[in-house]
2 protein chains.
Amino acid sequence: MANPLAEPLNPLVHEPAPLRNKIMNSLRRAIETGALEPGTRLVEKDLCEKLNVSRTSLREALRQLQAEGILTDLNNRGLTVTTVTRSDAENIYRIRSVLEPLIVEQFVENAPDDEVQALKAHSEVLKKAYLGGNAEEIVASKRDFYDRICTGARNPIAFDLLKKLTLLTSPLRRRSVVRKDRQSQSIIEIEAIVSAILKRDKAAAKAAAEKHVSNSAISALRPSEGDAKASR
Amino acid sequence: MANPLAEPLNPLVHEPAPLRNKIMNSLRRAIETGALEPGTRLVEKDLCEKLNVSRTSLREALRQLQAEGILTDLNNRGLTVTTVTRSDAENIYRIRSVLEPLIVEQFVENAPDDEVQALKAHSEVLKKAYLGGNAEEIVASKRDFYDRICTGARNPIAFDLLKKLTLLTSPLRRRSVVRKDRQSQSIIEIEAIVSAILKRDKAAAKAAAEKHVSNSAISALRPSEGDAKASR
DNA sequence: ATCACACGCTTGTCATACAAACAAACTCGC
DNA sequence: GCGAGTTTGTTTGTATGACAAGCGTGTGAT
């Protein structure tokens with residue numbers, strides 16, 4: 001049998017990749033990695049020079065990111081990287097704690113056996129990444145894991161929402177991933193999800209998914225520092 | 001006692017309302033009311049002339065609506081009003097059926113008594129609107145009802161998501177609102193939600209909210225016409 | 001020290017221009 | 001008549017330059 005991890009040779013969409021998309025990806029990446037911290041002011045002219053693009057394209061990209069909630073509009077004084085307050089973060093985790101169980105449920109309903117097998121195989125890779133301890137690798141592997149579940153669930157809309165929500169809390173998550181205790185706990189939780197999925201046990205899978213989000217929330221929100229000014 | 005329906009004299013935010021926001025509202029409204037049907041191609045030059053704005057501002061508004069999912073990008077051939085496939089609609093209702101119970105739960109947790117009373121009072125207005133049968137009035141009143149719940153829940157992020165999701169299915173909902181049988185059913189379901197909220201009974205309120213979404217879904221998806229081409 | 005004013009920086013909006021992608025019409029050879 | 005290739009027109013993508021308006025800050029006068 002072929003390696004179930006192998007991608008089915010993606011059709012290679014000949015994406016013309018408009019400039020604004022590249023800009024968006026670049027900025028998203030910067031926020032995700034922490035190169036742009038929450039609260040940073042984004043000055044159009046500076047960004048144009050740094051990215052070497054025209055103001056037109058840049059502004060279109062900014063508008064799109066703004067609509068995604070990643071950037072916040074100060075009234076007439078430009079954009080900043082959205083600062084997620086504690087209350088925002090709690091709300092985001094609360095939303096995730098109903099959305100992710102839904103996705104897992106739909107995965108059980110809709111994913112064909114080969115995707116289930118591939119997920120199982122990938123969960124082993126993820127586990128190894130956790131044990132390896134390389135943060136980069138963990139994050140990448142976990143994202144891949146999520147992608148598989150969301151794709152298998154056949155609910156692209158929820159997938160989209162989740163991507164945006166998790167991006168908003170990426171500053172929090174970055175701190176939480178490096179915690180050793182959280183890592184070993186994550187492994188257990190994920191294995192619970194996978195094993196329930198293998199049995200096609202919807203209720204158990206949902207419960208495991210919810211537990212996983214709840215615990216992530218606890219870990220991410222633990223520091224309990226006073227929350228900053230309002231968000232939007 | 002003062003009329004609990006009275007608004008507390010909103011602070012009247014001096015919104016400079018950038019042109020692009022007006023454009024967005026205008027387009028959103030057009031889609032919501034059906035003036036722009038799903039699948040309609042949006043040609044920049046035409047819109048500029050109709051709205052009497054420059055291409056720059058228009059394009060920024062379009063990008064923002066695109067990020068919200070209301071507009072879909074054909075590769076290099078412009079934007080269309082997003083066509084929601086049957087599968088998309090099912091997924092949207094499925095998401096709503098977990099999000100709305102969450103919101104209702106948070107309303108029970110967080111809304112102060114006066115907001116609960118105001119909600120109760122408004123539910124009577126909504127009921128009258130249903131009995132009156134004027135579609136415009138029903139929609140407006142129902143939106144107001146939802147706004148109160150979402151605001152009271154203190155979860156602006158979920159509020160935002162719900163607004164976007166419901167806008168996507170507005171073509172479906174428009175057809176469903178006029179159904180007499182659905183209307184009387186709606187009244188009952190909403191009263192169930194309100195009465196559970198009054199008792200501050202989280203579990204019952206959640207259950208009632210979920211039931212309401214499920215039934216809305218059944219009604220909206222009933223026609224069961226073959227779904228069109230892919231969405232995005 | 002305070003108030004008012006002026007200046008600079010930044011965003012909001014517009015007009016214009018040109019390249020590139022795409023679709024449709026059109027032409028020419030068979 | 002018909003198909004292949006070419007031309008043409010429409011539409012989007014990107015860049016540039018310009019100017020008004022909003023906001024913050026510094027300066028100067030009192």
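In this text, all values refer to a predicted model and were calculated from it rather than measured experimentally. Lettering follows sequence order; numbering is per chain, from 1.
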Checking A/Arg55 now: which residues fulfil salt bridge (charged side-chain N to carboxylate O under 4.0 Å, His left out) with it, not counting sequence neighbours?
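In terms of salt bridge (charged side-chain N to carboxylate O under 4.0 Å, His left out), with neighbours along the sequence ignored, A/Arg55 is linked to A/Glu44.
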In chain order, what residues pass the salt bridge (charged side-chain N to carboxylate O under 4.0 Å, His left out) check against A/Lys45, with sequence neighbours excluded?
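For A/Lys45 the salt bridge (charged side-chain N to carboxylate O under 4.0 Å, His left out) partners, ignoring immediate neighbours, are A/Glu49.
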Please name all residues satisfying side-chain contact (heavy atoms from CB on, under 4.5 Å) with B/Ser214, sequence neighbours left out, ordered by chain then number.
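Testing B/Ser214 for side-chain contact (heavy atoms from CB on, under 4.5 Å), a comparison that skips the adjacent residues, returns B/Glu210.
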Counterpart residues, side chain to side chain donor-acceptor pair (under 3.5 Å), relative to A/Arg63 (two or more places apart):
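Side chain to side chain donor-acceptor pair (under 3.5 Å) list for A/Arg63, sorted by chain: A/Gln66, B/Glu60.
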Under the rule for side chain to side chain donor-acceptor pair (under 3.5 Å), what residues qualify as partners of A/Asp46, not counting sequence neighbours?
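For A/Asp46 there are no side chain to side chain donor-acceptor pair (under 3.5 Å) partners, ignoring immediate neighbours.
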Measure the distance from [atom1] on [X] to [atom2] on [N] and round it to the nearest whole Å.
{"X": "A/Leu58", "N": "C/dT11", "atom1": "CG", "atom2": "C1'", "value": "12 Å"}
{"X": "B/Leu19", "N": "C/dT11", "atom1": "CG", "atom2": "P", "value": "18 Å"}
{"X": "A/Arg63", "N": "C/dT13", "atom1": "CZ", "atom2": "C1'", "value": "12 Å"}
{"X": "A/Glu49", "N": "D/dA15", "atom1": "CD", "atom2": "C1'", "value": "15 Å"}
{"X": "B/Leu74", "N": "D/dG13", "atom1": "CG", "atom2": "P", "value": "10 Å"}

How far apart are the closest heavy atoms of B/Glu115 and B/Phe107, and which atoms are they?
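B/Glu115 and B/Phe107 have their closest heavy atoms at O-CZ, 4.1 Å.
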Dump the pairs, protein N or O against N or O of nucleotides 10-12 of chain D, anything under 3.5 Å, distances to one decimal.
| from | atom 1 | to | atom 2 | distance (Å) |
| --- | --- | --- | --- | --- |
| D/dT12 | OP1 | B/Leu42 | O | 3.2 |
| D/dT12 | OP1 | B/Glu44 | N | 3.4 |
| D/dT12 | OP2 | B/Glu44 | N | 3.2 |

Is the phosphate of C/dA15, meaning OP1 or OP2, less than 4.0 Å from a side-chain N or O of B/Thr56?
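It does not, given that no N or O in the side chain of B/Thr56 lies less than 4.0 Å from OP1 or OP2 of C/dA15.
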